[in-house]
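From a predicted model like this one, the values you see are computed outputs, not experimental measurements.
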Amino acid sequence: MDPATMLGIGIALGSILAMIILEGASPMAVLLPAPMILVFGGSFAVSLAGGTLKDALGGLKSLPKAFVGKAKTSADSIETIVSLADRARREGLLSLEDAARDIDDEFLRSGLRSAIDGTDPEDLRTLLEDRIHSKRVSDKTSYKFFHDMGGYAPTIGIVGTVISLVHVLENLSNPDELGHMIAAAFVATLWGILSANVLWLPIGNRLKRLSELECSQMEIVLEGLLSVQAGANPRLVGERLRSLLPLSEQQQSEKEAA
């Protein structure tokens, strides 16, 4: 598990709490049910209205992944592909049928089976590229939902503040209560900005980054499978695939391969 999201959000919320306490205020001053219900419920509702019910359910389903998800490293896939290339070069492509059953990566496993079945290389490339594209589209739907919530939340918070200020103006005859009522009115704006920038946008960006890493890994697998199918030299296969990695990962992969 990569703790970046939980760590980042935790530090951000802790910093906000520390500021409230250091300012001499009570944390309960901002934990007001009415503005929180409006901001969280309203942001979700308008995001739902901007898409389909399936989009919203997909976004909610992907939420745990933002906190506990971790993209599989491309280095692991490269090591597997190089071993497959070595075996295919020595024993033939059909010898990989047994190895395919032991592969956990569904994309690699299904692609290898297609290669073993004699799928034309161009058709295999098209098939795998279509699967990668399909994943990108599906992932975009999920992280876009949280980006939408991050875009709507501040405005919903302002709406809540305006509603509260209207209530304040209705009670100008009670000056002793105006200070408390005005302070409470701005809590909605606070929650709108806070939820957008501390929760929804970071979660959306996290899901987007995981999608980019997973699709990048799938693209490396695609090139590797085509090389295995063509009977390429395993050493050259490894070098080619490592050249597709970011520089830092290339260096790490080379150290592990040495």
- prompt: Testing L84, I81, T80, D105 for side chain to side chain contact (heavy atoms under 4.5 Å, CB included) with L112, which one passes?
  reply: L84
- prompt: Per the side chain to side chain contact (heavy atoms under 4.5 Å, CB included) rule, which among L213, L245, L241, L244 passes with S74?
  reply: L245
Would you check if the side chain of [X] reaches a backbone N or O of [Y] as a donor-acceptor pair within less than 3.5 Å?
X	Y	answer
W191	A153	no
S15	I11	yes
T119	S114	yes
R109	A100	no
R206	G69	yes
T161	T189	yes
S43	V39	yes

Taking side chain as C-beta onward, heavy atoms only, is [X] less than 4.5 Å from [Y]?
X	Y	answer
K140	R136	no
E239	L236	yes
V228	L93	yes
L128	R131	yes
I203	M149	no

Test item: side-chain donor near acceptor, D55 and T52, under 3.5 Å: yes
L63 vs F145, side chain to side chain contact (heavy atoms under 4.5 Å, CB included): CA-CA, chis, key distance, verdict: CA-CA 10 Å; L63 182 59; F145 181 78; over 6 Å; no
Please round to the nearest 0.5 Å and tell me the distance separating atom [atom1] of [X] and atom [atom2] of [Y].
X	Y	atom1	atom2	answer
F44	D148	CZ	CG	12.0 Å
S77	I103	OG	CD1	9.5 Å
E129	L124	CD	CG	9.5 Å
Y152	S195	OH	OG	14.5 Å
L127	L225	CG	CG	10.5 Å
L207	K65	CG	NZ	7.0 Å

Could you tell me which non-hydrogen atom of [X] sits nearest to which non-hydrogen atom of [Y], and how far apart they are?
X	Y	result
A29	L32	O-CG, 3.6 Å
A88	L96	CB-CD1, 3.8 Å
H147	L201	O-CD2, 4.0 Å
L226	P121	CD2-O, 3.6 Å
D139	S211	OD2-OG, 2.8 Å
F146	S62	CE1-OG, 3.9 Å

query: Could R90 and D86 be called an ion pair, given the rule that one side-chain N must be under 4.0 Å from one carboxylate O?
result: yes
field: Lys/Arg N to Asp/Glu carboxylate O, E223 vs R125, below 4.0 Å
entry: yes
Taking atom [atom1] of [X] as the centre, does the number of heavy atoms from other residues, nucleotides or ligands within less than 6.0 Å exceed 12?
X	atom1	value
F186	CZ	no
D104	CG	no
K208	NZ	no

- prompt: Run the salt bridge (Lys or Arg N to Asp or Glu O under 4.0 Å) check on R209 and E212 step by step: do they pass?
  reply: CA-CA 5 Å; R209 179 57 177 155; E212 291 172 348; 3.5 Å; yes
Do [X] and [Y] share a hydrophobic cluster (ILVMFWY, side-chain heavy atoms under 4.5 Å, transitive)?
X	Y	value
I9	Y143	yes
L199	I156	no
I132	V221	yes
M36	V162	no
F40	L13	yes

- request: Please report the C-alpha distance between V82 and I78 in whole Å, then the side-chain angles of each, then the deciding distance to 0.1 Å, and finally whether the side chain to side chain contact (heavy atoms under 4.5 Å, CB included) criterion is met.
  value: CA-CA 6 Å; V82 170; I78 291 175; 4.2 Å; yes
field: Full working for side chain to side chain contact (heavy atoms under 4.5 Å, CB included) between V198 and I16
entry: CA-CA 10 Å; V198 178; I16 294 170; 4.2 Å; yes
query: Can you check salt bridge (Lys or Arg N to Asp or Glu O under 4.0 Å) on E219 and K135, steps first, answer last?
result: CA-CA 12 Å; E219 288 171 347; K135 176 174 175 54; over 6 Å; no
